[in-house]
Amino acid sequence: MMSRFRTPVPLLAALCVAVPLPLSAAPQSVAAAPDAGPPQSGPGYADLADLVLAAPVIVDATIRSTTRIKGAESAGVASGLTRYYVEADVGALVRGAAGVPARIGYLLDVAPDARGRQPRLKKARVLLFARPVAAAGDQLQLVAPDAQLAWTPAMDATVRTVAKAVVAADAPPSITSVGNAFHVPGALPGESETQVFLKTADARPVSLSILRRPGEQPRWSVALGEIVDDAAGPPARDTLLWYRLACALPPTLPDTSVGELDQAGAVAAREDYAFVIAALGPCGRTRGEASGGASGGAAPA
């Protein structure tokens with residue numbers, strides 16, 4: 001039996017399945033960011049970066065229609081949520097290697113508002129973070145239950161900035177763990193240098209360098225390669241490199257990282273690492289690190 005709306009039941013099943021997300025190796029289409037406008041009050045940089053990294057397709061769209069899904073077709077919907085099949089008109093493709101048609105469809109699970117009423121979705125302008133559905137070019141699957149966001153100029157600008165940074169030739173890699181740390185005292189009292197090597201998903205070298213000199217504030221920098229440039233300095237907040245560090249580094253230097261240092265060197269290395277963590281500040285992530293449900297889920301890459 002066919003569904004009450006135009007999307008057939010087998011396709012609904014495909015939309016509901018949470019599949020691992022293969023980020024395309026092909027160059028991604030990334031639109032330029034418009035004027036940012038006033039500061040955003042929604043998700044912060046880390047939350048948006050998580051979504052961008054998980055989504056091979058990002059679109060700016062306006063919801064055209066919604067159809068409530070009931071019965072067997074709504075199986076798996078979390079308690080308190082309502083599932084809709086949504087059709088939306090694409091206003092702009094923010095990211096996507098293969099493009100998308102002018103009109104798309106997707107599943108969305110939504111919660112009632114504070115008064116217990118279903119939100120009014122029709123004509124809402126939204127940002128969608130999604131993956132394509134195989135053999136259905138006009139259908140998308142959201143990468144997480146919260147991967148539809150109300151569009152704002154500031155959020156749009158941040159998403160486009162992150163999307164552009166992700167596909168740049170010099171994009172910083174994902175940090176997987178902390179490697180060995182080395183500490184060398186200087187010739188003068190209070191002078192020293194600590195290097196902390198980081199392990200990355202693609203085995204590219206990344207290291208932290210912390211310099212201390214008598215009478216000066218400690219200075220630190222990050223190197224994305226074999227050569228350490230002390231003049232490079234730390235990354236600016238709310239950049240992809242800052243996000244890679246602030247949201248991946250553990251709060252304290254692991255014991256395994258100082259296993260080759262003597263006691264004094266280990267203490268100094270831990271202090272220098274703590275200085276870096278404090279300078280980076282909190283990641284600020286508010287979303288769960290993994291999402292599931294009808295909209296699917298994927299961990300950030």
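In what follows, every heavy atom counts, from backbone to side chain, and hydrogens, waters and symmetry copies are set aside.
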Is the shortest side-chain N to carboxylate O distance from [X] to [Y] below 4.0 Å?
X: Arg125; Y: Asp60; result: yes
X: Asp255; Y: Arg270; result: yes
X: Arg285; Y: Asp47; result: no

With [X], which residues qualify under side-chain contact (heavy atoms from CB on, under 4.5 Å), at least two apart?
X: Pro185; value: His183
X: Arg237; value: Trp242
X: Asp113; value: Arg115, Arg117

Legend entry - Side chain to side chain, Leu140 and Phe129, heavy atoms closer than 4.5 Å: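 A side-chain contact under 4.5 Å is absent here.
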
Inset, instruction - Could you name each residue pair satisfying ring pair (Phe, Tyr, Trp, His ring centres under 6.0 Å) that touches residues 156-176, not counting sequence neighbours? - result: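 As it turns out, there is no ring pair (Phe, Tyr, Trp, His ring centres under 6.0 Å) pair with a partner in residues 156-176 once direct neighbours are skipped.
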
Inset, instruction - Any pair with a residue in residues 191-219 that passes ring pair (Phe, Tyr, Trp, His ring centres under 6.0 Å), sequence neighbours left out, goes on the list, sorted by first then second residue, please. - result: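 Sorted pair list: Phe182-Phe197.
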
Distance (rounded to the nearest 0.5 Å) between [X] [atom1] and [Y] [atom2]:
X: Ile63; Y: Tyr106; atom1: CD1; atom2: OH; result: 4.0 Å
X: Leu249; Y: Leu198; atom1: CG; atom2: CG; result: 5.5 Å
X: Asp109; Y: Gln148; atom1: CG; atom2: CD; result: 11.0 Å
X: Arg287; Y: Asp146; atom1: CZ; atom2: CG; result: 4.0 Å
X: Glu260; Y: Asn180; atom1: CD; atom2: CG; result: 5.0 Å
X: Ile104; Y: Leu128; atom1: CD1; atom2: CG; result: 5.0 Å

Inset, instruction - Compare every heavy atom of Ala266 with every heavy atom of Val258, then report the nearest pair and how far apart it is. - result: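 In terms of heavy atoms, the two residues are closest at CB-CB, 3.9 Å.
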
Inset, instruction - Could you pull out the closest heavy-atom pair between Ala181 and Leu253, with the gap in Å? - result: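 Nearest heavy atoms, Ala181 then Leu253: CB-CD2, 4.1 Å.
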
Acceptor/donor pairs from residues 271-284 side chains to any protein atom, 3.5 angstrom cut, sequence neighbours excluded:
from   : atom 1 : to     : atom 2 : distance (Å)
Asp272 : OD1    : Arg212 : NE     : 2.5
Asp272 : OD1    : Arg212 : NH2    : 2.8
Asp272 : OD2    : Thr194 : OG1    : 2.5
Tyr273 : OH     : Pro250 : O      : 2.6

